[in-house]
Amino acid sequence: MGSIQKSRRHDVIIVGAGHNGLVAGCYLARAGLDVLVLERNSYIGGAAVSRKLYQDFTYSNCSYVCSLLRPEIIRTLELPRHGLQIIPYEGGCTMMRDGGHLALYDNHDALRREIARHSARDAEAYDRYAHDVMVQCRFIKPLLMREPPDPTSFKPRDIAELLYLGKRFHGLGEERMYDTLRFWTMSAADFLDEYFESAIVKAHFAGSSIIGTALGPRSPGSAYVLLHHYMGEVDNTVGAWGFARGGMGAITKALGASLQASGGAVRSAAPVREILVRGGRAVGVALDDGEEIHAAIVVSNLDVRRTFLETMQARHLPDEFVEQVRNFKIRGSSGKLNIALDGMPDFPAIPAGSPTIRGDLHVTDTIEMMERAYDDWKEGRWSRAPYIDMLIPSQIDPTLVPHGKHYMSVFVQYCPYRLADGDWTAEKRQAFGATVIDTIAAHSPNFKDLILHAEIRTPWDIENEVGLTEGNIFQGELTLDQLLFNRPIPGYAQYRAPVRGVYMCGSSTHPGGGVMGAPGANAARAVLRDLGKEN
């Protein structure tokens with residue numbers, strides 16, 4: 001360890017310049033606090049970054065699409081003024097092994113006609129499905145930007161929040177109340193079986209239930225994960241998705257600019273070794289090089305395990321709390337490929353000129369295929385026929401690539417953090433990437449010939465590069481036992497740690513993962529409330 005250096009005192013130190021840390025910093029700085037955000041990497045953004053890793057190609061090399069970022073945050077922090085532009089994309093497509101396809105369109109009538117090609121009954125059922133999903137979204141969305149109540153507390157605020165939650169739940173009506181309780185514990189496969197008969201229709205909608213989670217479509221709780229991906233919006237269109245112009249780093253770049261405009265500061269290449277605690281409360285942080293930076297409040301954007309098992313000494317924490325943190329489920333199941341292409345690949349299953357090619361493309365056409373892919377993960381190997389969510393954002397945002405070239409983002413389920421046959425090696429990583437590329441090439445005859453470069457990332461890589469435990473993009477499973485007042489730990493769901501002055505703002509807290517920003521905003525309000533500065 002180097003000699004200890006001292007620096008000036010700040011009001012708040014935020015550990016980690018991912019999007020939630022930056023959101024929290026923006027809100028606190030706007031309230032007049034002296035805020036310093038510390039980031040271990042040489043660049044900010046965490047998992048929401050744009051990086052040039054091959055020539056002039058810009059990769060969104062971890063998170064890759066935008067929808068969940070709360071519009072309240074975009075407005076309050078004036079992100080468009082700081083350069084953020086979200087471009088909606090148009091539908092998507094699931095390609096079938098027999099050469100057919102199911103196209104998804106933004107236009108409701110066009111989508112119904114497309115579903116009717118596969119099942120007239122499913123086309124009729126789609127309206128009921130869409131309505132029922134939106135009922136659940138309307139119930140949950142107001143809860144995203146609220147601090148969850150402690151159901152064991154008699155504090156007036158907790159009682160008021162429980163009454164608010166109960167009133168909203170009762171307002172669903174008796175039938176919807178029963179449906180909601182079932183929905184939160186159902187599998188996606190069982191949920192979709194209640195509406196659809198076509199295997200391809202069910203497969204397409206089931207995809208959202210497994211992205212980023214160590215569950216299969218037949219696992220209880222996967223229906224909620226499906227819903228989690230519907231809760232965003234772009235241009236006031238609920239459930240819509242889009243690309244951040246310039247890649248996902250444009251979001252965190254705008255947040256960084258908003259923070260600085262409010263008087264906050266970011267310091268990169270400053271890895272935090274320890275949150276310092278003296279006399280039972282936070283006093284600042286120590287960096288890897290021994291430098292101490294002091295503040296009365298420390299907000300951790302790290303996941304709950306990294307915060308309390310790696311960045312704080314156990315002697316400062318209750319034993320029971322530490323044990324609960326160890327038991328918090330954070331399981332790596334996702335891989336990512338970023339591919340530079342010499343041109344636009346052909347997909348014969350998609351009709352020429354169809355706008356659906358500008359959305360997300362999939363090649364898994366049955367729920368059974370997804371479940372078998374999940375079986376591979378459970379046995380400690382990457383899926384032999386993986387579920388793939390691939391997009392070619394350069395069709396919509398040409399700033400990402402040189403003229404005439406394209407960039408493909410490929411998100412993969414499933415890929416284990418730990419392999420049954422030993423550690424990840426360069427050879428195994430290449431073999432995983434080859435499996436994914438071969439899966440795509442089965443639907444695109446010229447795909448392999450166009451590949452100029454491929455970045456291949458396993459959960460192990462994501463953990464070590466981004467700092468997400470096991471590469472879990474949600475910083476913890478989104479199952480009922482880890483939601484609302486159970487997230488991350490019962491009794492500690494209100495962004496406050498057991499140590500005075502230590503707060504949590506990452507996706508391990510309510511309402512969970514995705515580039516949403518709600519945990520950061522909620523944590524900032526908790527800090528301001530404790531300081532008596534809440535509006």
Side-chain angles (χ1 to χ4, degrees), residues 9-40 44-46 73 77 145 147-148 252 255-256 258-260 262-268 270-277 281-287 292-312 316-317 325 467-468 475-476 487-489 492-513 516-534:
R9 184 180 182 87
H10 301 268
D11 294 326
V12 181
I13 292 170
I14 296 176
V15 182
H19 72 281
N20 277 313
L22 293 170
V23 167
C26 287
Y27 277 90
L28 294 171
R30 290 170 76 91
L33 298 177
D34 179 346
V35 177
L36 174 65
V37 182
L38 298 173
E39 169 56 43
R40 70 170 191 166
I44 69 169
I73 293 172
L77 303 185
M145 296 285 284
E147 184 177 290
T252 45
L255 286 168
S258 178
L259 173 67
Q260 292 177 336
S262 299
V266 180
R267 182 173 162 187
S268 57
V272 172
R273 184 188 72 232
E274 183 182 347
I275 296 173
L276 300 174
V277 178
R281 68 160 301 127
V283 295
V285 301
L287 304 186
E292 289 187 5
I293 307 174
H294 292 154
I297 293 171
V298 178
V299 184
S300 176
N301 188 35
L302 310 180
D303 65 60
V304 66
R305 281 202 204 163
R306 287 185 172 242
T307 298
F308 299 111
L309 301 183
E310 299 182 21
T311 316
M312 292 188 70
H316 298 305
L317 301 164
V325 169
L468 296 172
Q475 286 195 358
R487 190 172 186 90
I489 304 297
Y492 296 96
Q494 297 179 330
Y495 311 98
R496 299 162 178 89
V499 175
R500 290 175 58 202
V502 178
Y503 296 78
M504 299 170 279
C505 72
S507 295
S508 287
T509 62
H510 171 77
M516 184 183 294
N522 294 347
R525 281 195 291 271
V527 171
L528 295 174
R529 190 177 307 125
D530 291 350
L531 294 175
K533 291 179 174 287
E534 184 186 29

I'd like to know whether CZ of R500 has more than 12 heavy-atom contacts from other residues, nucleotides or ligands below 6.0 angstrom. no
Spatial distance of atom [atom1] ([X]) from atom [atom2] ([Y]) [nearest 0.5 Å]:
X    : Y    : atom1 : atom2 : value
R40  : R273 : CZ    : CZ    : 15.5 Å
I44  : L259 : CD1   : CG    : 8.5 Å
D34  : R9   : CG    : CZ    : 10.5 Å
S262 : R30  : OG    : CZ    : 5.0 Å
I13  : I275 : CD1   : CD1   : 9.5 Å
M312 : L317 : CE    : CG    : 4.5 Å

Strictly distance-based, threshold 3.5 Å: is any side-chain N or O of [X] a donor or acceptor partner for the main-chain N or O of [Y]?
X    : Y    : result
S300 : L302 : yes
Q475 : S508 : yes
Y27  : L77  : no
E274 : L287 : no
R487 : P511 : no

Between [Y] and [X], is there a side-chain heavy-atom distance shorter than 4.5 Å?
X    : Y    : result
V325 : R305 : yes
D530 : R496 : yes
I297 : L33  : no
E292 : V283 : no

[X] and [Y]: which non-hydrogen atoms are nearest, and at how many Å?
X    : Y    : value
L22  : L255 : CB-CB, 3.8 Å
R306 : D303 : N-OD1, 2.8 Å
P519 : S507 : CG-CA, 4.4 Å
V499 : H316 : CG2-O, 3.4 Å
R267 : L36  : CB-CD1, 4.1 Å
M504 : A523 : O-CB, 3.3 Å

With side-chain contact (heavy atoms from CB on, under 4.5 Å) as the criterion, how do L28 and L528 come out once you've worked through the C-alpha distance, each side chain's angles and the decisive distance to 0.1 Å? CA-CA 7 Å; L28 294 171; L528 295 174; 3.8 Å; yes
Single hit among V299, V285, T307 for side-chain contact (heavy atoms from CB on, under 4.5 Å) with V15: V285
